[in-house]
Every structure is written in structure tokens, then in C-alpha cells.
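A short write-up of the structure that comes next.
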Amino acid sequence: MYELIKNLGAWLVGGEQWAGPDGIAHRLSEHLQYSLLATLIATAIGLPLGLLIGHTGKGAFLAINLASFGRALPTVGLVVLVFLAGGLSMLPVYVALVALAVPAIVTNTYAGMTAVDPDVKDAARGQGMRGHQVLFQVELPLALPLIMTGLRLALIQVVATATIAAYVSFGGLGRYVFDGLAQRDLVQVLGGAVLVAVVAVALDLALSGLQRFLFRHRTA
């Protein structure tokens with residue numbers, strides 16, 4: 001075990017391991033690109049949907065059950081299915097990652113909206129606010145903490161799962177995991193897994209810090 005940890009440390013800090021198209025720096029940039037783009041697309045889909053059903057109260061049963069169905073989808077199976085239908089491209093990877101991220105965003109946005117005190121919304125309407133004004137000036141600001149939590153959960157899930165890009169011969173940190181398994185190189189497999197975990201934790205801490213900064217006055 002000591003020897004394995006020593007070799008892993010040497011692998012992670014070795015200068016040659018960070019250079020070139022197969023280096024950690026390049027694979028890291030690919031992984032971040034996949035993860036951030038997929039999360040952005042999922043946010044563009046899930047956030048308006050969660051806001052709509054939370055504001056109107058219509059379609060909640062269907063949306064929440066679809067979200068649960070999305071969580072149950074086998075990610076690799078979805079990648080293979082889209083791959084067979086659409087051919088070799090990054091499309092299957094993005095479809096799978098977006099499908100994974102949307103449920104967390106929808107459910108947390110909906111939960112944040114429903115957690116807003118009805119009396120507050122009634123008071124806003126009593127002051128003459130229209131529906132869209134109540135949504136964007138009252139409900140959305142109060143729901144933001146839970147919405148941010150949903151975005152954090154979605155991003156971490158996507159980062160951890162973006163390794164599947166290597167499953168269909170693309171890049172990212174998953175390249176080390178799949179190549180290491182093929183070559184029976186345990187150090188490379190562990191190195192890829194450690195890098196993915198570090199990226200996930202770092203992004204979660206960054207979003208957590210941003211969330212605390214944005215809502216610092218609410219807890220003061």
C-alpha cells in the first residue's frame with residue numbers, strides 16, 4: 001500500500017504527466033469543458049421548468065416524477081443508446097450528463113419556490129404586483145438558496161460522471177481511468193479517480209463559498 005501511494009504521488013506531480021495532449025492539464029480542461037457546458041445546458045432547461053411549476057403549481061406531479069425517472073436512468077446505457085442512434089460524437093455524452101443534471105435542478109428549484117411563505121406572496125399581490133413581478137422580485141430571491149443547492153448537486157454529479165466521455169473514445173479525466181483499466185495500470189486508474197474527486201470537491205467548495213457570499217446578509 002505504501003508503494004502504491006508513493007507511485008500515485010509521483011504520478012500526480014511528475015512534470016511529464018502534466019505536459020502534452022495527454023497530460024493532466026489538457027485532460028482537466030476537457031473535463032471542465034464537458035462538465036460546465038452540460039451543467040449550463042441543464043440549468044437552461046431545468047431552472048425555467050422548476051420556476052414555472054413552482055410559481056403556477058401546475059404540472060408538479062409530472063415534473064417531479066420525470067425528475068425521479070431521470071435519476072434512475074443508467075448513464076452509460078443512455079450514452080450507448082444515443083451513440084447507436086446518432087453516431088460517434090460528443091452528443092451522447094452531453095445528452096447523458098444533461099439528463100443527469102436536470103432532475104436536481106428542477107426538484108430543488110421547485111422546492112425553493114414552494115418553500116416561500118404564501119403570506120409573503122399574497123402581500124406582494126396586495127401591493128399591486130403582477131404575476132411575473134411576484135415571481136422575479138419575491139419568489140425567486142427567496143428561493144435562491146435552494147436553487148443554488150440544486151446547481152451544486154447537479155454540477156458535482158456531472159463532474160463525477162463526465163468520465164464516461166472516455167467510454168466513447170473522447171477525452172477528460174476519465175481517459176486515465178479507462179486507459180488504466182485497459183493497461184492494467186492501477187496507479188493511472190487511481191490517479192484519474194483522485195483528480196476527478198479533487199475537481200468535484202474544489203468546485204463544490206467554490207460554489208459553497210459563492211453561496212455564502214451571496215446570502216451573507218440573510219444570516220447576519
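These numbers were taken from a predicted model, which means no experiment stands behind them.
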Identify the two heavy atoms, one from [X] and one from [Y], that lie closest to each other, and give their separation to 0.1 Å.
{"X": "Met148", "Y": "Leu207", "answer": "CE-O, 4.3 Å"}
{"X": "Val158", "Y": "Ala101", "answer": "CG2-CB, 3.6 Å"}
{"X": "Thr56", "Y": "Leu52", "answer": "OG1-O, 2.8 Å"}
{"X": "Thr43", "Y": "Pro48", "answer": "O-CD, 3.5 Å"}
{"X": "Ala124", "Y": "Val134", "answer": "CB-CG2, 4.1 Å"}
{"X": "Pro141", "Y": "Val138", "answer": "CD-O, 3.4 Å"}

Using modelled atom types only, decide if a donor and an acceptor are shared between the side chain of [X] and the backbone of [Y] within a distance under 3.5 Å.
{"X": "Trp18", "Y": "Leu12", "answer": "yes"}
{"X": "Tyr34", "Y": "Gly171", "answer": "yes"}
{"X": "Asp204", "Y": "Ala200", "answer": "no"}
{"X": "His31", "Y": "Leu173", "answer": "yes"}
{"X": "Gln211", "Y": "Pro145", "answer": "yes"}

- request: Dump the intermediate steps for side-chain contact (heavy atoms from CB on, under 4.5 Å) on Arg152 and Leu203, then the final yes or no.
  value: CA-CA 8 Å; Arg152 286 173 57 193; Leu203 288 175; over 6 Å; no
To the nearest 0.5 Å, how far apart are [atom1] in [X] and [atom2] in [Y]?
{"X": "Met113", "Y": "Asn108", "atom1": "CE", "atom2": "CG", "answer": "13.5 Å"}
{"X": "Arg130", "Y": "Arg125", "atom1": "CZ", "atom2": "CZ", "answer": "14.0 Å"}
{"X": "Thr109", "Y": "His55", "atom1": "OG1", "atom2": "NE2", "answer": "14.5 Å"}
{"X": "Leu140", "Y": "Leu47", "atom1": "CG", "atom2": "CG", "answer": "7.0 Å"}
{"X": "Ser35", "Y": "Leu28", "atom1": "OG", "atom2": "CG", "answer": "9.5 Å"}
{"X": "Glu16", "Y": "Trp11", "atom1": "CD", "atom2": "CH2", "answer": "10.5 Å"}

field: Identified side-chain contact (heavy atoms from CB on, under 4.5 Å) partner of Tyr176 from the options Val187, Leu195, Val194, Leu181
entry: Leu195
message: Consider side-chain contact (heavy atoms from CB on, under 4.5 Å). Of Leu37, Ile45, Val93, which one does Val98 pass it with?
response: Ile45
Is it the case that one hydrophobic cluster holds both [X] and [Y], taking links as side-chain heavy atoms less than 4.5 Å apart, direct or via other members?
{"X": "Leu210", "Y": "Leu151", "result": "yes"}
{"X": "Leu36", "Y": "Val198", "result": "yes"}
{"X": "Val106", "Y": "Leu153", "result": "no"}
{"X": "Ile164", "Y": "Phe170", "result": "yes"}
{"X": "Ile105", "Y": "Leu51", "result": "yes"}

- prompt: Would you call Asp22-Arg27 a salt bridge at under 4.0 Å N-O?
  reply: yes
task: Go through the steps to decide whether Val177 and Gln188 satisfy the test side-chain contact (heavy atoms from CB on, under 4.5 Å), and finish with yes or no.
output: CA-CA 7 Å; Val177 176; Gln188 186 176 180; over 6 Å; no
